[in-house]
Amino acid sequence: MPSTDKSEEAAVTQSERHSSGRSRDDRYDAQRIEAKWFERWQNNPQLYAAEPHSAKKKYYVLEMLPYPSGVLHMGHVRNYSIGDALARYMWMNGYNVLHPMGWDSFGLPAENAAIQNNTPPRQWTLGNIAKMKAQMKRLGFAYDWSREVTTCLPEYYRWNQWFFLKLYEKGLAYRKKSKVNWCPQCATVLANEQVLANGCCWRHEDTSVEQRELEQWFLRITRYADELLRDLEKLPGWPEKVVTMQRNWIGRSEGALVDFKLDYTQPHHGFGPAGATIKVFTTRIDTIYGATSIQLAPEHPIVNDLAAGNPELRRKVDQLIAEQRKAKEKGDIGEIEKHGVPTGRYATNPFNGEKIPVWVANYIVMDYGTGAIMSVPAHDDRDYEFAKKYNLEIRLVILPITEGEETMAEPVLPFTAHDGMLINSGPFSGLSCEDAIEKMTEHAEKGGFGNATVTYRLKDWGISRQRYWGTPIPMLYCEKDGIVAVPEKDLPVILPENVEITLAGGSPLARVPEFANATCPKCGGPARRETDTMDTFVDSSWYFYRYTDAHNDRAPFDSKIVQYWFPIDQYIGGVEHAILHLIYSRFWTKFMRDMGLVSNDEPVERLFTQGMVIKDGAKMSKSLGNIVSPDEMVVRYGADAARLYSLFAAPPDRDLDWQDSGIEGIQRFLGRVYRFVFRNAAAAHVGTATPVRAVEQSSAARAIQRKLHQTIKRVTDDFQGRWHFNTCISAIMELVNVLYASEDAIAQGAVPKALLVEVQRDLVVLLAPFAPYLAHELWEMLGQKESLLKAPWPKFDPELAKEEELEIPVQINGKLRSKIVVPADATEELVIERALADEKLRAATAGKQIAKKIYVPSKLLNLVVK
RNA sequence: GCCGGGAUGGCGAAAUUGGCAGACGCAGCGGACUUAAAAUCCGCAGGGGCCAAAAGCCCUGUGGGGGUUCGAUUCCCCCUCCCGGCACCA
C-alpha cells in the first residue's frame, strides 16, 4: 500500500512543479483525481456487488487468487488489470458480473517468517492480506469484497476437511507409504524446491538429502485420468499450450502387461524368489520375439530379493540407484549414461519359452509402468544402445513394409517405426504390427500370462505435508479401531495457535499434546490425531465455488447458486499454473459432480494465461535488482497510468518488458485526454442526449465521427475476440490525436455540439475499462449523472465509420509505384482508368504491354506488365 | 530428444482473411510558446543511394536459405538462435 504520507508528498512536489500561473485544473493531477474517487468508492461497498438473482445474463470473470506475501508485484497488476478491464466491459454491456478476490493464504512462507521474525503465521498472514487488499483498492480494481475468501480461516478450511471425509468415504483418499525428501540435519521433510541442484539441503549445503518412506495421504486422481484426458477436448476456450501440457502430464499410453517367470536354475546366486513373476509393461508386444533380455529398475522389489544373498550385486545395484538419484536431482535423467548389471538369473519368454538373462539397468525407472521391461534391441533406441554396450544379442523381428518390392530390405537398426511386418515370430510371422499387437495380446490373455492395459504418467496426488500452516487432515488413529475419520459434526478440526515452529523433528503439530491427543469416536478410548496438514493446492482446487456463496456455514456452497454462476466464463492467470492447479481443480470439479454437488463437468469455460513481466530482458527478482514496485508507480504516475501501461506495452499473452519511460508516455496520453475534455466539456452541458446518427457535413466533423466509430469497432472487436488491449489503447490514442487535430475547427464552430458531446462521452466510456479513475472524473466533468460503471457501451455504426475517399496503392509487377485517390465507392473500371491516367504509372508502363490487372477492392491494384 | 511459443527500426510493438511493412508509444531531431527551463503544442524520422540542400526518384529491408504466387512478415520445405514445458515413459 502506498502510505498516505508518501502520496501526499508526491502530490505536493507535482503541484510545485506546475504552479507557474496556469489555472490549476487544466493540469492532469492523477493523485488528486484518484484520491477523490478512491474516497467515494470506499464509501460504497456495494458498488461492485454481483446481483444474487437477476434477469440479466451472468458473467463470472476470475483472476487467480494471490498468495499473500505482503506486497503486490507487477505480474499481479498485469493479471488484475486484464480481469478488471473485462469485468468493467461486461458491466457496461449489461451483464450481471461476478468479480471476486481472495487469498491463498496457507503455506510455507508464513512458517519461515515465523521463525525469522518470531511472528505467528496467522498474524503475519492476516497482516499481509490487509496490506495487499489496500494496494488492490488503491489500484482501483473492482472486486466484490463481500465475497472475499481467505483459505487459512476455519470457515473456509473446515470444508477442505469435509471434502476430505467425502473423498475418504468414496475410497478416493487413502494412505500409503511413500518417499519423501528428508534432511538428517534438520530432521524434517523438505519440499522438492528445498533440495538444491547437488542433492543437498538448502539450509545445510553439505548435507545430502535422503529419501525416506513415510505414511502419506493420497487422493485418487488417477481414477479420473481418462476423463481428465478426454474432456480436454471440451475446452476449446483454453490455450492449446495448456491443453497439450495437461495431455503430456496425464501421459496415457496403451500397451500390455506380460509375465516372465524367473527360473529356478543357478541357486548359488542367492536365495531369490525362484519362480517369481516379472511383470513387464510394453507398448510393443509385437516385438516380443525380439526380446533378448529383461531389464529391471534398480529399486524393483525383485532386485532387492535377488541382491539379498549377493553382496556384490547389492553393491552394484546401490551404485545404479545412486546414479539415478543424482541424475534425477540434476533434472536430466535422460542424459545419464546407461549402465547395467547382469543378475545371473534368467526368465522365460511366455511366447516362445526362451530363457533370457535378467539385468538391472539404470535407465529403467521404478515409477513408470511396472519398473520392468523386456529389452528389444532391434526395435528400441535405448535397448539398442544398451545392447551394443554390453554385447547383448540383437534380433530382428520387424521388417519395414516397402511397397511394390519383392524382397524386403533389412532396415537400419534400431527400426522403431510401427508400419512393419513381423518375421521370426512363430505363428505371428507375416502379420502387420497393428494386427500382431491385437492378436498377441489376445494370445497372452488366453494363456493367462498377460493382458491389455493402459498406463498413465499421472500419479495419485500426495497431499500430506509435515508442516504447521495448513489444513489439519481430519483423521484419527486408534489402537483398537485403527484409522478413524473425524465425525462430520466435529468439524472443523481447528489448527491450534501458539505453536512453536522450528525446523526440527517433523510435523510441528505432533509436538502439541492438546492437539495430538484425542478420543476415538468409535470406542471412546485414546486416539492419536493425524498431525500432517494438507497441501495448499487442496485450498485452491475449489475456492472459486466458494465465492458464489461465501458465507454458507452449513455447506461449502449452495448447489443452486453454483449452478447459476458456473462454469467460470473467463479465468485469467499465470501459465505456471497450467498443470498442477488447473488439473487438481478439474479433478475436484469431477469429484463434486459425482457427489451431486455441481452439475458442470469442467470448472472453467475460457482460460487466459498472461505473459510474465520482465525488465531489461530478465524476470524481475531481488537478486538482479530489477524489481519495479507497483506502489512506486502509483505514487509517481497514478494507478490509471500503471494499469494502462501494463496493458499497452505488449499483447497480454506475451512477456512484457517494463520500461519506465513507457509509462511516462502513458501518463502524457492521459493528460492529453484530460485536457481535451477539460477544454470541451462545457459543450456537453448544453448538448443533446441522443447519439448522433446522421452523417456529419463539415470535413472536420466527418473526420471525428469516422474515427470515433472506427475506434469503437476496434476496441469492441478486441474485447470479443483476441484481447490485444495494446492495440485497443493505440486506437484510442489515434482518436485523441484526431481530436487534437480538430481543435481549430472546433474553435471555429465547425463541429456541431451534439457530436462534440457524443465523442467525448464515448471516449470516456472506451477508456473506462482501462483507466477507471480518470474516466470517472471526466464523466462527472461531462455532467453525467448516472454511474459510469454501468453506462452502456457505445454502438458501432459501419455507415458512420466509412471513408469517403480511398488511397489505392498501385503496384507494377508487385512493386509499389504510385498511389491514386478515388471515391470510396469507385468501381474497378474507374480505379483502372485513374491509374492509367496517373503520370508516374504512365511513365512506368510506357512502351510495355499490360498483361494482367489485379484489383483487390478498396485495397490495391497491381498491373502486370511485359 | 519430444511438444509448445517466439525472432520485424535505436527500444516496446502494429499489420485480425496472402495485398501500401513499421500504426501507436518510447528514445532522438527540428520548430512554436518562454527572459530561460520545465510543461505543452506542431512537425521529421527503417537503412542506403542519386543530390550542395530540398523536393523528387531509385535500390534495399520482417533471424538465414529455398519454394509457391501478379504479390509473402503472413502459406510450404530446410536451417539457426531465444523462451517455456516435458523427458531413458518402455
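Numbered from 1 within each chain, the chains take letters A, B, ... in sequence-line order.
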Worksheet item: When you compare B:G48 with B:G9, how far apart are their P atoms, in angstrom units rounded to a whole number?
Response: 14 Å
Discussion item. Any side-chain N or O of A:R675 below 4.0 angstrom from OP1/OP2 of B:C41?
Written reply: yes
Worksheet item: Glycosidic conformation of B:G47, syn or anti, with 90° from 0 as the boundary?
Response: anti
Practice prompt. Quick one: stems involving RNA chain B, counted as three or more successive Watson-Crick or G-U pairs, both distances short of 3.5 Å.
Written response: B:1-7 with B:80-86, B:10-12 with B:24-26, B:28-32 with B:40-44, B:46-50 with B:56-60, B:63-67 with B:75-79
Practice prompt. Looking at every strand, decide which applies to A:D717 at a 4.0 Å heavy-atom threshold: base, sugar-phosphate, or nothing.
Written response: nothing
Worksheet entry | Contact under 4.0 Å: A:K815 side-chain N or O vs B:U60 OP1/OP2 | yes
Worksheet item: Would you say the side chains of A:D259 and A:T277 form a donor-acceptor pair under 3.5 Å?
Response: no
Worksheet item: Quick one: do A:E337 and A:K389 make a salt bridge, cutoff under 4.0 Å?
Response: yes
Discussion item. I'd like to know if the side chain of A:Y384 pairs up with that of A:S375 as donor and acceptor (distance under 3.5 Å, no hydrogens or angles considered).
Written reply: no
Worksheet item: Quick one: are the ring centres of A:Y363 and A:F386 less than 6.0 Å apart?
Response: yes
Worksheet item: Over how many whole Å does the gap from A:M245 atom CE to B:G4 atom P extend?
Response: 13 Å
Worksheet item: Between A:F770 and A:F719, what is the ring plane arrangement, given parallel below 30°, perpendicular above 60°, and tilted in between?
Response: parallel
Worksheet item: If you look at every strand shown and take non-hydrogen atoms under 4.0 Å, does A:R247 touch a base, only sugar-phosphate, or nothing?
Response: nothing
Fill in: Ionic contact status for A:D657 with A:K615, cut-off 4.0 Å
no
Fill in: B:A90 phosphate, OP1 or OP2, under 4.0 Å from A:S253 side-chain N/O
yes
Worksheet item: Judged by modelled atom types alone, do A:Q667 and A:R636 share a side-chain donor-acceptor pair under 3.5 Å?
Response: no
Item to complete: May I ask you to check whether A:Q295 and A:S293 show a side-chain donor-acceptor distance below 3.5 Å?
Response: yes
Discussion item. Under 4.0 Å, counting only non-hydrogen atoms across every strand here, what does A:I364 touch: a base, just sugar-phosphate, or nothing?
Written reply: base
Practice prompt. Among B:A14, B:C26, B:G12, find the nucleotide with the atom closest to the side chain of A:F648.
Written response: B:G12
Worksheet item: Hey, is A:K840 close enough to A:D838 for a salt bridge, meaning N to O under 4.0 Å?
Response: no
Fill in: Any A:R672 side-chain nitrogen or oxygen under 4.0 Å from OP1 or OP2 of B:C24
no
Worksheet item: Within this structure, what is the NZ-to-P distance between A:K459 and B:C86, rounded to whole angstrom?
Response: 14 Å
Worksheet item: For A:D657 and B:C83, what is the distance between atoms CG and P respectively, to the nearest whole Å?
Response: 14 Å
Discussion item. Please report the distance, rounded to the nearest Å, between CD1 in A:I812 and P in B:G71.
Written reply: 14 Å
Discussion item. Please classify the nucleic acid contact of A:R252 as base, sugar-phosphate, or nothing, using heavy-atom distances under 4.0 Å.
Written reply: nothing
Worksheet item: To the nearest Å, how far apart are A:Q811 CD and B:G71 P?
Response: 10 Å
Worksheet item: Is there a donor N/O on one and an acceptor N/O on the other, under 3.5 Å, for the side chain of A:K338 and the base of B:C88?
Response: yes
Discussion item. Does a side-chain N or O of A:K241 approach OP1 or OP2 of B:C3 to a distance below 4.0 Å, or not?
Written reply: no
Worksheet item: With a 4.0 Å cut-off on heavy atoms, is A:F669 in touch with a base, just the backbone sugar-phosphate, or nothing at all?
Response: nothing
Worksheet item: Taking atom types as modelled, is there a side-chain donor on A:N737 or A:R672 under 3.5 Å from an acceptor on the other?
Response: yes
Practice prompt. Give one of base, sugar-phosphate or nothing for A:K819, where a contact means two heavy atoms less than 4.0 Å apart.
Written response: base
Item to complete: Report which part of the nucleic acid A:P651 touches: base, sugar-phosphate, or nothing (heavy-atom distance under 4.0 Å, all strands).
Response: sugar-phosphate
Worksheet item: How close or far is atom P of B:C41 from atom CG of A:L739, stated in whole angstroms?
Response: 13 Å
Worksheet item: Which comes earlier along RNA chain B counting from the 5' end, the contact point of A:M612 or that of A:R817, where each point is its nearest nucleotide?
Response: A:R817
Worksheet item: For the side chain of A:V864, counting heavy atoms from C-beta on, which of B:A23, B:C70, B:A21 is nearest?
Response: B:C70
Discussion item. Side chains of A:Y637 and A:D660: any donor to acceptor distance under 3.5 Å?
Written reply: no
Worksheet item: Salt bridge between A:E734 and A:R714, side-chain N to carboxylate O under 4.0 Å?
Response: yes
Practice prompt. Could you please name the option among B:G85, B:C24, B:U16 that lies closest to any side-chain atom of A:I579?
Written response: B:G85
Item to complete: Starting from P on B:A38, measure out to CZ on A:R27 and report it in whole angstrom.
Response: 18 Å
Practice prompt. Report which part of the nucleic acid A:D383 touches: base, sugar-phosphate, or nothing (heavy-atom distance under 4.0 Å, all strands).
Written response: nothing
Worksheet, complete the sentence: Per atom distances to the A:E807 side chain, the nearest of B:A90, B:G6, B:C20 is B:C20
Practice prompt. Give, ordered by number, those residues of residues 854-862 of chain A having at least one heavy-atom distance below 4.0 Å to an atom of RNA chain B; if nothing qualifies, reply none.
Written response: A:I854, A:V856, A:K859, A:L860, A:N862
Worksheet item: Is A:N726 touching bases, backbone alone, or none of the nucleic acid, heavy atoms closer than 4.0 Å?
Response: sugar-phosphate
Worksheet item: Would you say A:R457 reaches B:C88's phosphate, i.e. side-chain N/O to OP1/OP2 under 4.0 Å?
Response: no
Item to complete: Can you tell me the distance, in whole Å, between the CD atom of A:Q324 and the P atom of B:C89?
Response: 12 Å
Practice prompt. Using only side-chain N and O atoms of A:N737, determine if any of them is under 4.0 Å from OP1 or OP2 of B:C42.
Written response: no
Item to complete: By nearest nucleotide on RNA chain B, pick out whichever of A:T727 and A:E664 is the more 5' one.
Response: A:T727
Discussion item. At less than 4.0 Å, is any side-chain N or O atom of A:Y368 found next to OP1 or OP2 of B:C88? Yes or no.
Written reply: no
Item to complete: Among B:A27, B:C57, B:C24, find the nucleotide with the atom closest to the side chain of A:R668.
Response: B:A27
Practice prompt. Would you tell me if any nitrogen or oxygen in the side chain of A:R714 comes within less than 4.0 Å of OP1 or OP2 on B:A23?
Written response: no
Fill in: Distance under 6.0 Å and angle within 45° of ring axis: A:R606 vs A:W238
no
Item to complete: For A:G251, report the nucleic acid contact type (base, sugar-phosphate, nothing); a contact means any heavy atom under 4.0 Å.
Response: nothing
